[in-house]
Amino acid sequence: MIPAGATHIRVTDNSKNYLALQNGQAQFVINGNWKISDPGEYNVAGTKLLYRRSADTWESFEVSGPTQENLHLMVLATATNSGIEYEYWLPPDQYALYHGRRSPLRQAHHTASYFPRIQPTTSTTTSATTTRAPPNTTRRPQW
């Protein structure tokens with residue numbers, strides 16, 4: 001599912017399969033109900049969608065958005081699926097609704113305070129060198 005409000009949507013497939021797209025009312029708008037759509041521009045979810053397809057194995061959807069309803073991406077499988085790549089952007093206020101506390105761009109989310117590691121101290125006497133362990137501290141996860 002591609003949520004309502006998504007922008008910069010891009011979906012590509014490099015196989016003999018066909019991408020299919022349903023709107024929020026579960027109606028096929030591209031390649032559905034046993035019909036293959038012609039490449040071209042379509043009005044979908046309140047915005048324009050550009051559907052492109054080569055003669056053999058490549059096809060794509062591109063939508064600048066924002067979409068006004070959820071879109072459901074599907075595959076009409078006629079051969080082994082070699083992988084579908086897709087991406088879309090969401091406004092920051094909608095991101096957490098669909099992705100929780102996961103961070104965009106695969107960046108780590110820090111949820112605990114950082115406690116620097118205390119280095120052992122070394123002191124020298126006339127007869128020997130002794131090393132003391134750091135004080136007993138409680139460790140918290142960094143992620």
Side-chain angles (χ1 to χ4, degrees), residues 1-124 128-143:
M1 180 190 74
I2 300 172
T7 61
H8 300 41
I9 301 167
R10 187 174 50 189
V11 181
T12 58
D13 178 38
N14 288 311
S15 72
K16 294 187 184 229
N17 298 324
Y18 293 93
L19 295 172
L21 192 67
Q22 278 186 335
N23 63 17
Q25 291 80 40
Q27 299 168 327
F28 283 99
V29 290
I30 306 282
N31 296 339
N33 296 324
W34 304 103
K35 296 176 189 168
I36 303 302
S37 303
D38 291 328
E41 192 171 278
Y42 291 82
N43 290 318
V44 175
T47 189
K48 299 244 185 248
L49 176 142
L50 179 60
Y51 174 50
R52 293 190 268 178
R53 182 177 70 226
S54 69
D56 51 358
T57 62
W58 180 87
E59 68 180 329
S60 73
F61 296 150
E62 290 183 20
V63 181
S64 59
T67 58
Q68 295 179 4
E69 59 186 316
N70 295 337
L71 296 174
H72 299 275
L73 180 63
M74 299 178 184
V75 177
L76 173 60
T78 60
T80 303
N81 185 359
S82 60
I84 296 169
E85 296 180 2
Y86 70 98
E87 68 180 9
Y88 58 86
W89 295 12
L90 286 175
D93 60 327
Q94 286 186 279
Y95 185 84
L97 291 174
Y98 296 98
H99 299 285
R101 292 189 50 88
R102 291 179 293 193
S103 177
L105 303 176
R106 295 188 176 104
Q107 295 173 352
H109 240 27
H110 296 282
T111 58
S113 299
Y114 173 72
F115 291 101
R117 182 164 184 228
I118 301 171
Q119 296 295 322
T121 57
T122 303
S123 60
T124 306
T129 301
T130 59
T131 302
R132 290 182 283 158
N136 188 8
T137 59
T138 304
R139 303 272 185 222
R140 291 188 183 176
Q142 299 303 313
W143 297 100

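Being a predicted model, the structure only gives us computed values, none of them experimental.
Heavy-atom minimum distance, Pro39 versus Arg53: CD-NH2, 3.7 Å. Looking at every heavy atom in both residues, Ile36 comes nearest to Leu76 through CD1-CD2, 3.6 Å. Gly5 and Pro91 get closest at one heavy-atom pair: O-CD, 3.6 Å.
For Thr47, the side chain to side chain contact (heavy atoms under 4.5 Å, CB included) partners are Val63, Ser64, Thr67, not counting sequence neighbours. For the side-chain hydrogen bond (donor to acceptor under 3.5 Å, both in side chains) test, no residue two or more places apart in sequence or in another chain qualifies with Thr80. Partners of Ala55 according to the side chain to side chain contact (heavy atoms under 4.5 Å, CB included) rule, which considers only residues two or more places apart in sequence or in another chain, do not exist here. Among residues two or more places apart in sequence or in another chain, the side chain to side chain contact (heavy atoms under 4.5 Å, CB included) test is passed with Glu41 by Lys48. In this view, Glu62 and Arg52 satisfy the side-chain hydrogen bond (donor to acceptor under 3.5 Å, both in side chains) rule, not counting sequence neighbours. Residues satisfying the side-chain hydrogen bond (donor to acceptor under 3.5 Å, both in side chains) criterion with Ser60, sequence neighbours excluded, are absent altogether.
For residues 17-32, no residue pair satisfies the salt bridge (Lys or Arg N to Asp or Glu O under 4.0 Å) rule, not counting sequence neighbours. Within the structure, every pair that satisfies the ring-ring contact (aromatic ring centres under 6.0 Å, His included) test and touches residues 3-25, not counting sequence neighbours, is listed here: His8-Trp89. Screening residues 22-40 for salt bridge (Lys or Arg N to Asp or Glu O under 4.0 Å) gives no qualifying pairs among residues at least two apart or on separate chains. The salt bridge (Lys or Arg N to Asp or Glu O under 4.0 Å) analysis of residues 1-10, with sequence neighbours excluded, yields the pairs Arg10-Glu87.
How far CD1 of Ile84 is from CG of Asp13: 5.0 Å, rounded to the nearest 0.5 Å. Rounded to the nearest 0.5 Å, atoms CG (Leu90) and OG1 (Thr7) are 7.5 Å apart.
Inter-residue side-chain proximity for Leu21 and Val44 is flagged as met; some heavy-atom pair is nearer than 4.5 Å. Contact annotation: the side chain of Pro3 approaches that of Asn70 to within less than 4.5 Å [non-hydrogen atoms, C-beta and beyond].
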Which pairs would a plain distance check flag for residues 23-31, meaning a side-chain donor or acceptor within less than 3.5 Å of a matching protein atom at least two apart in sequence or in another chain?
unit_1: Asn23; atom_1: OD1; unit_2: Gln25; atom_2: N; d: 3.0
unit_1: Asn23; atom_1: OD1; unit_2: Ala26; atom_2: N; d: 3.3
unit_1: Asn23; atom_1: OD1; unit_2: Gln27; atom_2: N; d: 3.0
unit_1: Asn23; atom_1: ND2; unit_2: Gln27; atom_2: OE1; d: 3.1
unit_1: Gln25; atom_1: NE2; unit_2: Glu69; atom_2: OE1; d: 3.2
unit_1: Asn31; atom_1: OD1; unit_2: Ser37; atom_2: N; d: 2.6
unit_1: Asn31; atom_1: ND2; unit_2: Leu19; atom_2: O; d: 2.6
unit_1: Asn31; atom_1: ND2; unit_2: Tyr51; atom_2: OH; d: 2.9

